[in-house]
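Working notes, structure below.
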Number of protein chains: 2
Amino acid sequence: MCYLLSMIVVKVGGSAGIDYDAVCADLAALWKAGQPVILVHGGSGETNRVAEALGHPPKFVTSPSGYTSRFTDRQTLEIFEMVYCGKMNKGLVERLQRLGVNAVGLSGLDGRIFEGRHKDSVRAVENGKVKVLRGDHTGTVERVNVDLVRLLLGAGYLPVLTPPAASYEGVAINVDGDRAAAALAVALRADALLLLSNVPGLLRAYPDESSLIPEIPADDVESYLEFAQDRMKKKVLGAAEAVAGGVRRVIFGDARAGAPISAALGGAGTVVR
Amino acid sequence: MCYLLSMIVVKVGGSAGIDYDAVCADLAALWKAGQPVILVHGGSGETNRVAEALGHPPKFVTSPSGYTSRFTDRQTLEIFEMVYCGKMNKGLVERLQRLGVNAVGLSGLDGRIFEGRHKDSVRAVENGKVKVLRGDHTGTVERVNVDLVRLLLGAGYLPVLTPPAASYEGVAINVDGDRAAAALAVALRADALLLLSNVPGLLRAYPDESSLIPEIPADDVESYLEFAQDRMKKKVLGAAEAVAGGVRRVIFGDARAGAPISAALGGAGTVVR
């Protein structure tokens, strides 16, 4: 089928400043022009706000290798699902439906689209010491069950996907959305993976936006990890996994205004190829 | 296809006391025995709790004809989506996945499964006077787009459906879950519709559980409205709509313990036929 040749996976983050109306308008125009697209989204910023408001503030841990992630106890997981699968996912589906796109929103639990191993404990650096924290509901996407995604695309529905994923035992686990999108792009043999957030791309001297790195050679992605701050690290890691898995282009693009998807496809942002 | 002959639609409410583990265990056993089922759920009680916790307490209005409904401004709609589509829907999907059932959770917005007219204003009785309140995001399901539901069932997925619905313009609208389930049962020509809640069935003298009405003749459902309190009124209305639409049996059953679906199918509760 032709969508296997030209599929685009668009991941839009969950940080402050992202213009979801602009993303959806651009997406709808591309979709109506016949471009097969899957949207994957985050919801981190809003999850933090709701968790604070509900009296269960977010807790972030830093691994010994320097990656920051959300510690996801059961109560946090439920708040995470409320925001990612409820407010964010249905908000995006509603925007697309209003634009005449027959969108269908699903989490990685649904049809086990995203599957991985449940990591119950996490090693975290606290006050210079490495501690082991238990009761975590996290993991990494190891399998993408593309049957359901293909079924929906084939019937004319635009899939809008979000964490959590399912563990092999069927338990909900918090997974990184960028790396989930990368795994999806590989599994679908997508032509391009767009990782859109609230910065113009990878910056050599964050937060100086004039220091944008326009291109990264595909065989040298990991050496650019040194320029990545915080959440951008996982995007660079996701990009490395996607190009290693056969995705032709990964683009770090700006979702704050304009036509974010068209701009990224047209060469704006940081292109990995 | 044979599932058109023997389809069962199970609606489980969102009030205190419902045992979702028991509902899912029973559902999984039936599904694995080959019984085609669709689950529809509510989330009213939990929505009230989360709305209170977020400082936007629920507001209920009573229509001049005596029906109580949630006044759904935009902020309430987002809380509603967080609870119904996030916490409740993914909690049920997770339970089923853990039991080995490949469930897929969707709202009425997704693929516009449930569609209806957006009612922006509602007539409400306050202090004995009828007022018109604007800014409401509610409606009634007028169309069920069964294509997506059939696509999922045909591919072996168990659909888990929830309000909100989509307006004809694609806007999210709060709709009554019991009547949505009734419309779905009619559209699928279901053999049975089960409306499970935290009471044994329709009671002649609520809350006296020994006053259970075991059977209601299908041609006389509306005359039993006098026995229905609050939310039970919409269940009786949904039952009337379902039997008028050709559903053979509607059962008001108890979801607080045991094997709620098997018990209802076996004759417990109030049967409308």
Side-chain angles (χ1 to χ4, degrees), chain A residues 43 46-47 49-50 53-56 77-113 115 145 147-148 150-152 154-160 162 164 166-173, chain B residues 43 46-47 49-50 53-56 77-113 115 145 147-148 150-152 154-160 162 164 166-173:
Chain A
E46 185 64 16
T47 298
R49 278 189 289 278
V50 172
L54 290 175
H56 192 73
L77 180 74
E78 290 182 355
I79 296 168
F80 181 98
E81 289 181 337
M82 287 204 293
V83 175
Y84 279 69
C85 309
K87 187 168 184 175
M88 301 295 295
N89 190 266
K90 299 317 165 199
L92 288 164
V93 168
E94 184 187 24
R95 283 181 181 88
L96 290 165
Q97 289 287 0
R98 292 183 70 169
L99 293 164
V101 175
N102 207 354
V104 170
L106 295 168
S107 77
L109 276 174
D110 300 297
R112 296 193 180 220
I113 290 175
E115 257 188 324
N145 298 313
D147 289 356
L148 178 53
R150 289 209 172 111
L151 188 74
L152 293 171
Y157 299 102
L158 190 156
V160 180
T162 182
S167 76
Y168 294 117
E169 297 78 30
V171 175
I173 50 173
Chain B
E46 185 64 16
T47 297
R49 277 189 290 278
V50 172
L54 290 174
H56 191 73
L77 181 73
E78 290 182 354
I79 296 168
F80 180 99
E81 289 181 338
M82 288 204 292
V83 175
Y84 279 70
C85 310
K87 188 168 183 174
M88 301 296 296
N89 191 265
K90 298 319 164 198
L92 288 165
V93 168
E94 184 187 23
R95 282 181 183 87
L96 290 166
Q97 288 287 358
R98 292 183 71 169
L99 293 164
V101 175
N102 208 353
V104 170
L106 295 167
S107 77
L109 276 173
D110 301 296
R112 296 192 180 221
I113 290 176
E115 256 187 324
N145 297 314
D147 289 357
L148 178 53
R150 290 209 172 111
L151 189 74
L152 292 171
Y157 300 102
L158 189 157
V160 181
T162 181
S167 77
Y168 295 116
E169 297 78 30
V171 175
I173 51 173

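First the proteins, then the strands, lettered A, B, ... as listed; each starts at 1. All values derive from a computational prediction rather than experimental measurement.
The backbone N or O of B:Ala172 sits less than 3.5 Å from a side-chain atom of A:Glu94, completing a donor-acceptor pair.
Minimum interatomic distance between B:Asp110 and A:Gly105 (heavy atoms only, all atoms of both residues): OD1-N, 2.7 Å. Contact record, A:Cys85 with B:Gly86: CB-CA, 4.0 Å, taken as the closest heavy-atom pair. The minimum heavy-atom distance between B:Gly111 and A:Val104, with the atom names listed, is N-CG2, 3.6 Å. In terms of heavy atoms, A:Val93 sits closest to B:Leu109 at CG1-O, 4.0 Å.
Between chain B and the options A:Arg95, A:Glu169, A:Arg112, the largest number of non-hydrogen pairs under 4.5 Å is found for A:Arg112. Residue with the most contacts toward chain B among A:Val101, A:Leu54, A:Ile113, A:Val50: A:Leu54 (heavy-atom pairs, distance under 4.5 Å).
Going from atom CE of B:Met88 over to atom CE of A:Met82 covers 11.5 Å, rounded to the nearest 0.5 Å. Atom CG of B:Asp147 is separated from atom CG of A:Asn102 by 9.5 Å, given to the nearest 0.5 angstrom. Atoms OG and NZ, on B:Ser107 and A:Lys90 in that order, are 4.5 Å from each other to the nearest 0.5 Å. Taking CG of A:Leu106 as the reference point, atom CG of B:Leu106 lies at 5.5 Å (rounded to 0.5 Å).
Looking at A:Ala166, there are no atoms closer than 4.5 Å to chain B (heavy atoms on both sides), in backbone or side chain. Of the atoms belonging to A:Leu148, heavy atoms from both backbone and side chain fall under 4.5 Å from chain B.
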